[in-house]
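Chain letters run A, B, ... following the sequence lines, proteins first, then strands; residues in each count from 1.
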Protein chains: 2
Amino acid sequence: MTIAHGLLPEGLRDRLPPQAEAASRLLHHVIVAINRHGYERVSPPLAEFEESLLGRLKSARKQDLLRFVDPVSQRSLALRPDITGQIGRIATTRLNHRPRPLRLAYGGTVMKLRATQLRPERELMQAGAELIGNDSVAAVIEILGMAVETLKIAGVKEISIDLTLPDLVERLADTTLPIDASKKEKLFAVLDAKDAGGLSELDATGYRPLLEAAGPFDEAIKKLQPMAEKLGFADRLEALKTIRASLDPSVHVTLDPTERHGFEYQTWIGFSLFGSGILGEIGRGGSYTIIHQDKREEQAVGFSLYIDPLVDAGLGQKKSRKLFLPLGHDPEQARAFRQEGWITIAALDEEDDPVRHQCTDILTGGHIKPL
Amino acid sequence: MTIAHGLLPEGLRDRLPPQAEAASRLLHHVIVAINRHGYERVSPPLAEFEESLLGRLKSARKQDLLRFVDPVSQRSLALRPDITGQIGRIATTRLNHRPRPLRLAYGGTVMKLRATQLRPERELMQAGAELIGNDSVAAVIEILGMAVETLKIAGVKEISIDLTLPDLVERLADTTLPIDASKKEKLFAVLDAKDAGGLSELDATGYRPLLEAAGPFDEAIKKLQPMAEKLGFADRLEALKTIRASLDPSVHVTLDPTERHGFEYQTWIGFSLFGSGILGEIGRGGSYTIIHQDKREEQAVGFSLYIDPLVDAGLGQKKSRKLFLPLGHDPEQARAFRQEGWITIAALDEEDDPVRHQCTDILTGGHIKPL
């Protein structure tokens with residue numbers, strides 16, 4: 001085995017101790033917490049046919065995937081940039097016969113073509129839950145409550161949630177706040193840029209309250225209420241209020257009704273999750289539509305949690321005591337200590353010593369002695 | 001999200017419940033068992049520079065890797081077909097400063113270019129341990145004992161181990177049982193084919209006892225002993241006897257001194273692991289040499305376990321009781337039940353019922369009642 005050099009491609013890295021163990025521990029705890037809510041684990045493959053992955057990602061382009069030609073099938077495959085779409089595929093094919101709502105959980109690696117400024121890695125660890133066949137307020141409450149509970153189990157403090165209404169602008173533009181079809185894309189761009197001036201230019205000042213409302217939940221709802229009643233989306237605000245009331249009061253909630261970035265395939269509700277002292281988003285989710293092969297539509301709601309920012313924030317680490325086992329120790333006794341949770345380091349020769357291995361304890365005469 | 005179809009590329013598949021959960025549970029148990037022996041987790045990336053991966057795999061060729069051009073670095077990357085080589089890279093670069101022996105653990109996905117008849121998948125899950133800086137008998141005993149202990153924890157019954165002496169033939173050919181350099185490759189081929197007649201044709205009948213010895217451990221050692229004493233490898237047999245004596249007597253051990261297939265980079269010892277009722281190998285390992293950037297050589301010994309055959313054999317599955325939570329249940333009480341290990345399924349509307357979700361119990365008036 002020759003080691004050419006230690007360089008790795010941009011955006012790919014080694015996780016070393018103690019972070020590697022923290023990542024694996026966090027993933028395990030998150031998945032177990034999700035399983036406990038009746039979400040059954042599925043594991044789709046790392047790579048799929050390129051067309052198949054693209055078909056399921058509304059805004060994805062070929063150029064955004066890490067692609068390769070598979071010498072075996074002679075077809076273009078791509079590494080998954082996300083797992084949610086694969087879960088939708090499984091729900092509509094191999095688990096199509098299962099009664100709804102169908103609760104599925106997943107955890108694994110995704111590969112992004114490009115890193116972002118906040119997350120310089122392109123290989124990331126995701127875990128999540130998808131509730132398929134229901135996107136009611138009760139379903140959203142289950143998903144959001146589970147996301148919060150899971151993040152707490154992972155050790156996240158002061159969780160905040162940014163709520164959005166991803167399809168609201170489009171719905172208004174098509175119904176009670178009509179805008180010329182040719183101006184629609186412009187309207188989206190102006191709202192995405194939070195550009196109130198742009199709204200005047202577009203003759204679309206009716207949308208201004210949506211921009212002005214963005215902020216802490218209670219105030220945002222108060223500001224939106226008159227517009228919602230006038231334009232027929234008061235039911236949305238009622239739904240949001242019910243959802244907010246279901247959440248632990250210590251969770252900080254904001255509402256930005258026009259935020260669509262990263263919510264390209266979400267329907268009536270979307271959310272991003274943040275935690276105190278953790279850089280960037282730690283999860284996101286919302287409601288969406290799955291389209292079956294027979295074109296039948298099915299509503300769903302789910303979330304993904306991002307393990308890497310949690311690891312980077314130091315979560316998931318556990319200090320363990322390490323027991324040095326001198327030559328000639330009783331292997332059965334050592335096994336019993338490990339079953340109790342001890343980490344043991346066995347001497348390999350007379351020169352081996354507990355200090356080199358940073359042991360905290362030593363076994364002498366069958367007894368554990370702190371060092 | 002449009003689902004084009006449910007087809008997956010050859011050798012890639014979805015793991016569904018309950019196998020997906022079993023795989024994740026087995027991987028977790030295996031890694032935790034390895035950690036308890038003082039092996040610290042590292043997580044190298046799924047893809048590396050092609051040359052870098054090739055440089056570390058003695059017998060690998062470019063054509064054997066799943067390769068792609070990374071649009072970001074404009075370089076050829078390849079998906080890892082194995083993790084051991086990556087651990088060697090980490091040990092000689094970022095963990096070069098750590099005292100030896102260095103104990104590292106890993107667990108993750110590997111991607112093979114081609115499937116085999118026994119394992120039709122190309123995406124496989126591996127976990128393992130590498131003891132770097134020592135390949136003594138004591139080191140092999142630690143590694144092999146740990147492999148057996150870990151497989152038992154995973155639920156494997158009647159473990160058997162096939163021992164091999166990967167570099168023995170080459171050593172003999174260079175020293176006490178010399179053969180013309182031009183005939184060496186032929187000799188390897190004849191021994192690989194267990195072709196005793198071929199040995200006569202090569203005028204290399206001195207190697208015949210190696211072929212004849214292959215079989216159950218005690219008999220194999222007995223058959224080899226005279227040759228070993230004559231040709232100066234009796235120390236190897238002593239080492240093997242010490243290793244065998246360290247193993248649980250219930251473990252079935254065989255020895256095939258010429259077996260080299262899949263042991264291309266192993267040095268003095270190699271082994272394959274099998275379990276009752278499980279198709280094919282469930283792990284392998286042995287001693288090997290790591291070459292540092294400054295050409296310094298370091299001895300190591302390690303093993304990899306294969307999670308997929310264990311899952312296919314039904315290991316890692318756990319039957320859980322499922323508790324149905326009717327509308328209006330106390331969420332704090334439900335959380336407490338989950339903390340005790342219950343799986344809960346919450347009703348989303350009045351029509352939701354416990355039977356559809358295959359619940360075993362229902363919560364009524366704050367009490368659990370079996371269904």
Side-chain angles (χ1 to χ4, degrees), chain A residues 1-4 6 8-10 12-17 20-21 24 28 31 36-38 40-49 51-52 55-56 68 70 72-73 77 85 88-90 92-94 99 101 109 114 123 134 136 138-139 142 265 288 290-291 293 338 343-346 348 356, chain B residues 1-4 6 8-10 12-17 20-21 24 28 31 36-38 40-49 51-52 55-56 68 70 72-73 77 85 88-90 92-94 99 101 109 114 123 134 136 138-139 142 265 288 290-291 293 338 343-346 348 356:
Chain A
M1 215 158 27
T2 315
I3 309 298
L8 289 174
E10 194 181 324
L12 299 175
R13 64 163 169 184
D14 298 315
R15 281 252 185 232
L16 299 183
E21 195 178 318
S24 124
H28 180 73
I31 281 282
R36 294 266 161 89
H37 287 263
E40 293 179 83
R41 179 87 183 247
V42 290
S43 292
L46 273 173
E48 291 202 22
F49 290 125
E51 321 87 277
S52 167
R56 273 177 271 120
F68 58 97
D70 174 20
V72 172
S73 62
L77 309 193
R89 174 180 57 69
I90 291 175
T92 57
T93 55
R94 296 186 61 193
T109 304
R114 275 169 231 289
E123 176 178 337
N134 195 323
S136 66
E142 170 162 318
Y265 70 89
Y288 57 95
I290 294 175
I291 301 168
Q293 287 173 268
R338 285 190 294 271
I343 288 179
T344 63
I345 305 263
L348 292 177
R356 195 196 312 183
Chain B
M1 215 159 23
T2 314
I3 310 296
L8 288 175
E10 194 182 323
L12 299 174
R13 63 163 171 186
D14 298 315
R15 280 252 186 233
L16 300 183
E21 196 178 318
S24 123
H28 180 73
I31 281 281
R36 294 267 162 90
H37 286 264
E40 293 178 84
R41 178 87 183 246
V42 290
S43 293
L46 272 174
E48 291 203 21
F49 289 125
E51 321 87 276
S52 168
R56 273 178 272 121
F68 58 97
D70 174 21
V72 172
S73 62
L77 309 193
R89 174 181 57 70
I90 292 175
T92 57
T93 55
R94 296 184 62 192
T109 304
R114 275 170 232 289
E123 176 178 338
N134 196 323
S136 67
E142 170 161 320
Y265 69 89
Y288 57 95
I290 295 175
I291 301 168
Q293 285 173 269
R338 284 190 294 271
I343 288 179
T344 63
I345 305 263
L348 292 176
R356 195 195 313 182

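A tilted orientation is assigned to the rings of A:Phe68 and B:Phe68, their planes being inclined by 30° to 60°.
Residue with the most contacts toward chain A among B:Pro45, B:Ser136, B:Ser24, B:Ala20: B:Pro45 (heavy-atom pairs, distance under 4.5 Å). Listed options A:Glu10, A:His28, A:Glu142 were ranked by heavy-atom pairs under 4.5 angstrom with chain B; first place goes to A:His28.
Between atom OG of residue B:Ser73 and atom CG of residue A:Leu8 there is a gap of 11.5 Å, rounded to the nearest 0.5 Å. The CD atom of A:Glu40 lies 7.5 Å from the CD atom of B:Glu21; values are rounded to the nearest 0.5 Å.
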Between A:Val72 and B:Arg114, does the side-chain contact (heavy atoms from CB on, under 4.5 Å) criterion hold? Intermediate values first, please. CA-CA 7 Å; A:Val72 172; B:Arg114 275 170 232 289; 4.2 Å; yes
A:Val42 and B:Arg15: side-chain contact (heavy atoms from CB on, under 4.5 Å), yes or no, with the steps? CA-CA 6 Å; A:Val42 290; B:Arg15 280 252 186 233; over 6 Å; no
Decide side-chain contact (heavy atoms from CB on, under 4.5 Å) for B:Ile90 and A:Leu16; before the verdict, give the C-alpha distance in whole Å, the side-chain angles of both, and the deciding distance to 0.1 Å. CA-CA 9 Å; B:Ile90 292 175; A:Leu16 299 183; 3.7 Å; yes
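Using a 4.5 Å cut-off between heavy atoms, B:Leu46 contacts chain A through both its backbone and its side chain. Contacts between B:Arg13 and chain A at a heavy-atom distance below 4.5 Å involve the backbone alone (N, CA, C, O). Heavy-atom distances place both the backbone and the side chain of B:His37 under 4.5 Å from chain A. Both the backbone and the side chain of B:Thr344 come within contact range of chain A, judged by heavy atoms closer than 4.5 Å.
What you find for B:Leu77 and A:Pro9 is that their closest heavy atoms are CD2-CG, 3.5 Å. Considering every non-hydrogen atom in both A:Arg94 and B:Asp14, the closest pair reads NH1-O, 3.4 Å. Across all their heavy atoms, A:Glu123 and B:Ala47 have their closest contact at OE1-N, 4.4 Å. Nearest heavy atoms, A:Ile345 versus B:Gly38: CD1-CA, 3.7 Å.
Within the 3.5 Å criterion, the main-chain N or O of B:Ile343 finds no donor-acceptor partner in the side chain of A:Arg36.
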